[in-house]
Amino acid sequence: MRLSQYFLPTLRDDPNEAEIVSHRLMLRTGMIRQSSAGIYSWLPLGHRVLRKIEQIVREEQDRSGAIEMLMPTIQSADIWRESGRYEDYGKEMLRITDRHEREMLYGPTNEELITEIFRDSVKSYRDLPRNLYHIQWKFRDEIRPRFGIMRGREFLMKDAYSFDLTEQGARESYNKMFVAYLRTFERLGLKSIPMAADTGPIGGDLSHEFIVLAETGESQVFCDRDLIERSAPGEDIDYSADLTSIIEDWTDKYAATEEKHDPKRFEAEVASESRMSARGIEVGHIFYFGTKYSEPMNCKVQGPDGKLVAVQCGSYGIGVSRLAAAIIEASHDEDGIIWPDSVAPYRVALINLKAGDEETDAACEDLYGKLENAGIDVLYDDTDERAGAKFATMDLLGLPWQIIVGPRGLKQGEIEIKRRATGERQSLTPEAAFKRIVDTV
RNA sequence: CGGGGCAUAGCGCAGCCUGGUAGCGCACCUGCUUUGGGAGCAGGGGGUCGCAAGUUCGAAUCUUGCUGCCCCGACCA
């Protein structure tokens with residue numbers, strides 16, 4: 001993409017209303033614009049990031065055996081009456097009346113809808129287990145939206161729903177999602193820690209929040225330092241195998257959010273040098289809820305013995321739009337964003353230090369064409385801004401690599417590449433620079 | 001929802017107290033000079049001063065009502 005042709009309204013100053021760093025940077029880099037309280041438009045740059053995150057989430061869901069679909073944003077109140085949640089959900093649910101005075105709502109979640117679909121289509125245990133997911137916009141009319149995209153009212157969420165015949169089966173489905181989440185967050189360049197969460201009326205040990213560590217995170221978390229060193233299972237993970245040992249490995253150390261923190265247990269279980277207190281952001285939540293919806297909504301299948309049984313269910317959320325902010329919270333410096341390679345809106349910033357100079361233009365055009373042909377996303381600053389302004393803007397945008405081309409270097413037959421994360425620079429011939437970048441993909 | 005604050009150009013702000021031609025910085029446009037870390041000079045464009053009513057010869061400024069947004073708290077992917 002040529003910057004001269006792009007839509008990238010950056011801001012030099014911090015907007016007054018932006019309190020946290022991700023909100024400030026998202027506004028300044030022209031990723032988002034507020035539309036009303038807690039509701040945002042995603043401008044081209046932000047949209048690219050959102051799509052990249054979404055794609056990684058999708059790939060890991062697919063790998064785990066979950067099946068993608070798409071449910072609507074608007075739902076009928078009827079199914080929410082069936083589950084009994086229509087009254088329970090309160091004012092957080094945005095209620096809408098259509099022209100025929102039918103009661104509708106903008107979905108804050110989809111348990112009811114997926115349960116209705118499933119019960120109408122599946123009658124036999126032979127069609128279990130299944131895990132269905134979608135990536136769709138949700139709306140929760142938060143009392144106080146804040147922190148930009150981080151706690152907006154409208155947000156993009158991946159939500160998966162598992163259906164099993166037995167509790168044991170449900171536990172296996174749960175474990176698959178657990179592992180898929182570890183892989184997802186790692187691919188997004190984040191350190192995530194699963195923490196036991198409230199299980200609600202069902203009880204048991206099957207609910208975890210996935211917390212990303214970031215200095216500016218909104219909740220206080222306490223854990224064993226060992227957990228930070230763990231890495232997620234590799235691509236070759238076999239989801240049909242027993243995953244219990246992996247889960248145990250990740251849950252045998254102390255980890256709790258402020259709400260569930262027990263200082264006495266913390267001190268008893270964790271050696272003082274391993275005790276860690278940090279800030280975190282909740283980016284995922286998984287839980288098993290058994291027949292909470294299948295029972296009242298009559299979602300039953302015939303078992304091998306011919307008897308009807310209510311299906312065992314769980315649901316699994318990832319805040320896709322929130323992740324964009326969480327990644328920035330976890331990865332930035334005083335100059336701007338530092339995108340992990342996997343979600344960067346463009347991999348390379350190509351900086352023409354003297355647009356209009358024949359030799360410089362030619363060198364840039366050549367590189368730009370080669371990079372594009374190699375399938376590498378490149379944002380080419382072909383404007384006639386001054387060098388300093390270009391550097392500042394590109395540092396702000398935080399693309400992983402900068403290729404800096406100017407007449408001075410070209411006289412020696414060299415251009416410069418810079419790694420945004422470290423600031424490390426290297427002078428190379430254009431050919432070597434191209435090869436260097438291609439090799440990192 | 002309780003408490004606090006703000007609303008003047010795309011962004012950041014001054015002007016309001018003490019009513020009288022709407023201003024500054026950044027951004028934007030034109031020209032000249034400049035050109036490897038947010039350039040300089042000159043010229044220029046852009047504002048129903050959140051909305052409505054009131055007071056007044058005259059309201060960004062005073063009064064009342066409303067709306068929007070932000071911050072703190074309880075709640076949350």
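Residue numbering restarts at 1 for every chain, and letters A, B, ... go by the order of the sequence lines.
Between B:G3 and B:G19, the distance separating the two C1' atoms is 33 Å to the nearest Å. B:G68 and B:C51 are spaced 10 Å apart, taking the C1' atom of each and rounding to whole Å. For the C1' atom pair drawn from B:C49 and B:C24, the interatomic distance equals 15 Å after rounding to whole Å. Comparing the same atom, P, in B:A74 and in B:A27 gives a spacing of 42 Å after rounding to whole Å. Taking atom P in both B:C57 and B:G12, the straight-line distance is 38 Å, to the nearest Å. Across B:C66 and B:G10, the matching C1' atoms stand 27 Å from one another, rounded to whole Å. Using atom P as the reference point in both B:G23 and B:U35, the two lie 36 Å apart (nearest Å). Rounded to whole Å, the C1' atom of B:A39 lies 16 Å from the corresponding atom of B:G25.
Judged by distance alone, the side chain of A:S331 and the main-chain N or O of A:I327 form no donor-acceptor pair under 3.5 Å. With A:K191 contributing its side chain and A:I228 its backbone, the two residues share a donor-acceptor pair below 3.5 Å. Panel note: side chain A:R279, backbone A:G217; a donor-acceptor pair is recorded below 3.5 Å. Using modelled atom types, no side-chain atom of A:D224 and backbone atom of A:L227 make a donor-acceptor pair closer than 3.5 Å.
At a threshold of 4.0 Å, the pair A:E92-A:R153 does not count as salt-bridged, since none of the basic side-chain nitrogens sits closer than that to a carboxylate oxygen. For A:R24 and A:D14, the salt-bridge test passes: some basic side-chain N is under 4.0 Å from an acidic carboxylate O. For the pair A:D62 and A:R58, the salt-bridge criterion is not met [side-chain N within less than 4.0 Å of a carboxylate O]. Between A:D333 and A:R420 there is a salt bridge, since at least one side-chain N of the basic residue sits less than 4.0 Å from a carboxylate O of the acidic one. Taking the charged nitrogens against the carboxylate oxygens, A:E59 and A:R63 have no contact shorter than 4.0 Å, which rules out a salt bridge. With respect to the salt-bridge test (charged N to carboxylate O, under 4.0 angstrom), the residues A:R28 and A:D13 do not qualify. A salt bridge links A:R183 with A:E60; the closest basic N to acidic carboxylate O contact falls under 4.0 Å.
Within residues 336-362 of chain A, the residues having any heavy atom closer than 4.0 Å to RNA chain B are, in order of number, A:L353. Heavy-atom distances under 4.0 Å link RNA chain B to no residue of residues 38-59 of chain A. RNA chain B lies under 4.0 Å from at least one heavy atom of each of the following residues of residues 382-405 of chain A: A:R386, A:A387, A:G388, A:A389, A:F391, A:A392, A:T393, A:D395, A:I404. Contacts between residues 15-25 of chain A and RNA chain B, defined by a heavy-atom separation below 4.0 Å, involve A:P15, A:N16, A:E17, A:E19, listed by number.
Pairing for B:C69 goes to B:G5, judged as Watson-Crick or G-U wobble with the two contacts each under 3.5 Å. With a cut-off of 3.5 Å on both pairing distances, the Watson-Crick or G-U wobble partner of B:U30 is B:A42. The nucleotide B:C17 finds no pairing partner, because no Watson-Crick or G-U wobble arrangement with both distances shorter than 3.5 Å includes it. B:U35: no Watson-Crick or G-U partner with both key distances under 3.5 Å is found in any strand. Using the Watson-Crick or G-U wobble rule with both distances under 3.5 Å, B:G12 pairs with B:C24.
Taking the six-membered ring for Trp and thresholds of 30 and 60 degrees, A:H208 and A:Y174 have ring planes inclined between 30 and 60 degrees apart. Between A:Y161 and A:H134, the two ring planes are tilted [angle within 30° to 60°]. Ring geometry for A:F266 against A:H261 counts as perpendicular: the plane angle is over 60°, on a 0 to 90° scale with 30° as the lower cut. Using a 30° and 60° split on the angle between ring planes, A:Y346 and A:Y6 fall in the perpendicular class, above 60°.
Residue contacts for A:E142: at a heavy-atom cut-off of 4.0 Å it reaches a base atom on one of the strands shown. The residue A:V320 sits apart from the nucleic acid: no heavy atom pair falls under 4.0 Å. The residue A:E209 sits apart from the nucleic acid: no heavy atom pair falls under 4.0 Å. Residue A:G406 is classed as a base contact, given a heavy-atom separation below 4.0 Å to a base.
Under the rule for a side chain to side chain contact (heavy atoms under 4.5 Å, CB included), the partners of A:R151 that lie at least two apart in sequence or sit in another chain are A:E142, A:R146, A:E218, A:R322.
If A:F147 and A:G284 are placed on RNA chain B by their nearest nucleotide, the residue sitting closer to the 5' end is A:F147. Between A:R151 and A:S36, it is A:S36 whose nearest contact on RNA chain B lies nearer the 5' terminus.
First and last contacting nucleotides of RNA chain B toward chain A (any atom under 4.0 angstrom from a heavy atom, 5' to 3' order): B:C1 to B:A77.
Taking the six-membered ring for Trp and the full ring otherwise, the centers of A:F178 and A:F210 sit less than 6.0 Å from each other.
Annotation: A:Q220, atom CD; neighbour count of heavy atoms from other residues, nucleotides and ligands within 6.0 Å is above 12.
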